[in-house]
Novice: 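First the structure, which I've put down as structure tokens, then a few questions once you've had a look.
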Amino acid sequence: MTLIRFDENISRRIPDALRQLHLPDGVTVESAHDANAVGHSDIDWLADFARRGGTCIVSGDERMRDRPAERAALQASGVIAVFPPEGRFWTPLRLHGQAAFLIRWFPAITQVAQRGPAGDHFRLPMDWSADIDKMRRLPRLNLD
């Protein structure tokens, strides 16, 4: 099974929409709301998600990789992380644009979640092609 979590910085309606549109066999999506994790620290929910067999997160919190405690929790979880384009491109899309963008990219996100190396992190480009080769692999986190 491939379990993909959309964190609370991504609308909880996006996983709902993906479920309505049809998910590939063996793929489950959840929001922070679905997992009763709204308001929980990233450190806590990442550990719980990994324990439950979580494979990949889609996070709108682009600072997650910068905060030492969150960075350590993210690395320790071993999950694959996918981040939307940088804020100056992402924020102006607002709810409907962000939903359309993530739904468009979901097949590529699913491929990365199923085949990507555990612990790898990616940034989606501000590009509507949904070409997996355009996803930018982010450098591994240095915990020193």
Novice: To the nearest 0.5 angstrom, please state how far the CZ atom of Arg137 sits from the CD1 atom of Ile80.
Specialist: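 Arg137 CZ to Ile80 CD1: 9.0 Å, rounded to 0.5 Å.
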
Novice: Is a side-chain N or O of Glu30 found less than 3.5 angstrom from the main chain of Pro15, in a donor-acceptor match?
Specialist: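 Between the backbone of Pro15 and the side chain of Glu30 there is no qualifying donor-acceptor contact (under 3.5 Å).
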
Novice: Could you name each residue pair satisfying side chain to side chain donor-acceptor pair (under 3.5 Å) that touches residues 39-48, not counting sequence neighbours?
Specialist: Ser41-Asp44, Asp42-Trp45, Asp48-Arg52

Novice: Mind listing the closest non-hydrogen atom pair of Thr2 and Ala113 along with its distance?
Specialist: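 Closest approach of Thr2 to Ala113: CG2-CB, 3.7 Å.
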
Novice: According to the salt bridge (charged side-chain N to carboxylate O under 4.0 Å, His left out) rule, which pairs have a member within residues 14-23, sequence neighbours left out?
Specialist: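 Output for this query lists Arg13-Asp16, Asp16-Arg19, Arg19-Asp34.
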
Novice: If Ile, Leu, Val, Met, Phe, Trp and Tyr residues are connected whenever their side-chain heavy atoms lie under 4.5 Å apart, and connections chain through other members, are Met126 and Ile132 in the same group?
Specialist: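 Yes, same cluster.
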
Novice: Transitively linked via ILVMFWY side-chain contacts under 4.5 Å: Leu23 with Leu102?
Specialist: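 Yes, Leu23 connects to Leu102 through the hydrophobic network.
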
Novice: Any idea which heavy atoms bring Cys56 and Val82 closest together, and the distance?
Specialist: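 Smallest interatomic distance, heavy atoms only, reads SG-CG2, 3.9 Å.
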
Novice: Test of understanding: with side chain to side chain donor-acceptor pair (under 3.5 Å), list the residues that count as partners of Ser59, not counting sequence neighbours.
Specialist: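 Listed in chain order: Asp7.
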
Novice: Which residues satisfy the salt bridge (Lys or Arg N to Asp or Glu O under 4.0 Å) test with Arg67, sequence neighbours excluded?
Specialist: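 Scan of Arg67 (salt bridge (Lys or Arg N to Asp or Glu O under 4.0 Å), adjacent residues dropped) gives Asp61, Glu70.
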
Novice: How many angstroms lie between OG1 in Thr55 and CZ in Arg115, if you round to the nearest 0.5 Å?
Specialist: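 Those atoms lie 13.5 Å apart.
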
Novice: Going from OG1 on Thr28 to CD1 on Ile4, what distance comes out if it is rounded to the nearest 0.5 angstrom?
Specialist: 8.5 Å

Novice: Under the side chain to side chain donor-acceptor pair (under 3.5 Å) definition, can you give me all pairs with a residue in residues 92-103, not counting sequence neighbours?
Specialist: none

Novice: If I compare all heavy atoms of Pro85 with all of Trp90, which pair ends up nearest, and what's the gap?
Specialist: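 Nearest heavy atoms, Pro85 then Trp90: O-CB, 3.3 Å.
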
Novice: Using side chain to side chain contact (heavy atoms under 4.5 Å, CB included) as the criterion, list what pairs up with Ile103, not counting sequence neighbours.
Specialist: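 Side chain to side chain contact (heavy atoms under 4.5 Å, CB included) check on Ile103 returns Ala17, Leu18, Leu21.
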
Novice: What do you reckon, is CG of Asp66 surrounded by more than 12 foreign heavy atoms closer than 6.0 Å?
Specialist: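 Correct, the count exceeds 12.
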
Novice: Rounded at 0.5 Å granularity, tell me how far OG in Ser129 sits from CH2 in Trp105.
Specialist: 4.5 Å

Novice: How long is the gap from CZ on Arg65 to CG on Leu138, to the nearest 0.5 Å?
Specialist: 4.5 Å

Novice: Residues in side chain to side chain contact (heavy atoms under 4.5 Å, CB included) with Pro24, at least two apart?
Specialist: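 Partners of Pro24 under the side chain to side chain contact (heavy atoms under 4.5 Å, CB included) test: Val27, Phe106, Thr110.
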
Novice: Is any side-chain heavy atom of Arg12 closer than 4.5 Å to one of Val38?
Specialist: no

Novice: Specify the closest pair of heavy atoms between Arg104 and Ala130, including all atoms of both residues, with the distance to one decimal.
Specialist: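 Of all heavy-atom pairs spanning Arg104 and Ala130, the closest is O-CB, 3.4 Å.
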
Novice: Side chains of Ile57 and Leu46: closer than 4.5 Å at any heavy-atom pair?
Specialist: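 Yes, side chains in contact.
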
Novice: For Ala99, what residues pass the side chain to side chain contact (heavy atoms under 4.5 Å, CB included) criterion, not counting sequence neighbours?
Specialist: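 With neighbours one apart ignored, the set is Ile14.
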
Novice: Would you compute the distance between atom OG1 of Thr91 and atom CD of Glu86 and round it to the nearest 0.5 angstrom?
Specialist: 11.0 Å

Novice: Going by the salt bridge (charged side-chain N to carboxylate O under 4.0 Å, His left out) test, which pairs reach into residues 122-132, not counting sequence neighbours?
Specialist: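 Sorted result for residues 122-132: Asp127-Lys134.
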
Novice: Tell me whether Leu3 shares a hydrophobic cluster with Phe6, the cluster being built from Ile, Leu, Val, Met, Phe, Trp, Tyr side chains joined at under 4.5 Å.
Specialist: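 No, Leu3 does not connect to Phe6 through the hydrophobic network.
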
Novice: Tell me whether Val58 is reachable from Phe49 by hopping between hydrophobic residues (I, L, V, M, F, W, Y) whose side-chain heavy atoms are closer than 4.5 Å.
Specialist: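 In one cluster with Phe49: Val58, no.
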
Novice: Could you note down all residue pairs passing ring-ring contact (aromatic ring centres under 6.0 Å, His included) where residues 112-139 supplies at least one of them, sequence neighbours left out?
Specialist: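 The answer is Phe101-Trp128.
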
Novice: Testing the basics here: between Met135 and Ala108, what is the closest heavy-atom pair and its distance to 0.1 Å?
Specialist: SD-CB, 4.1 Å

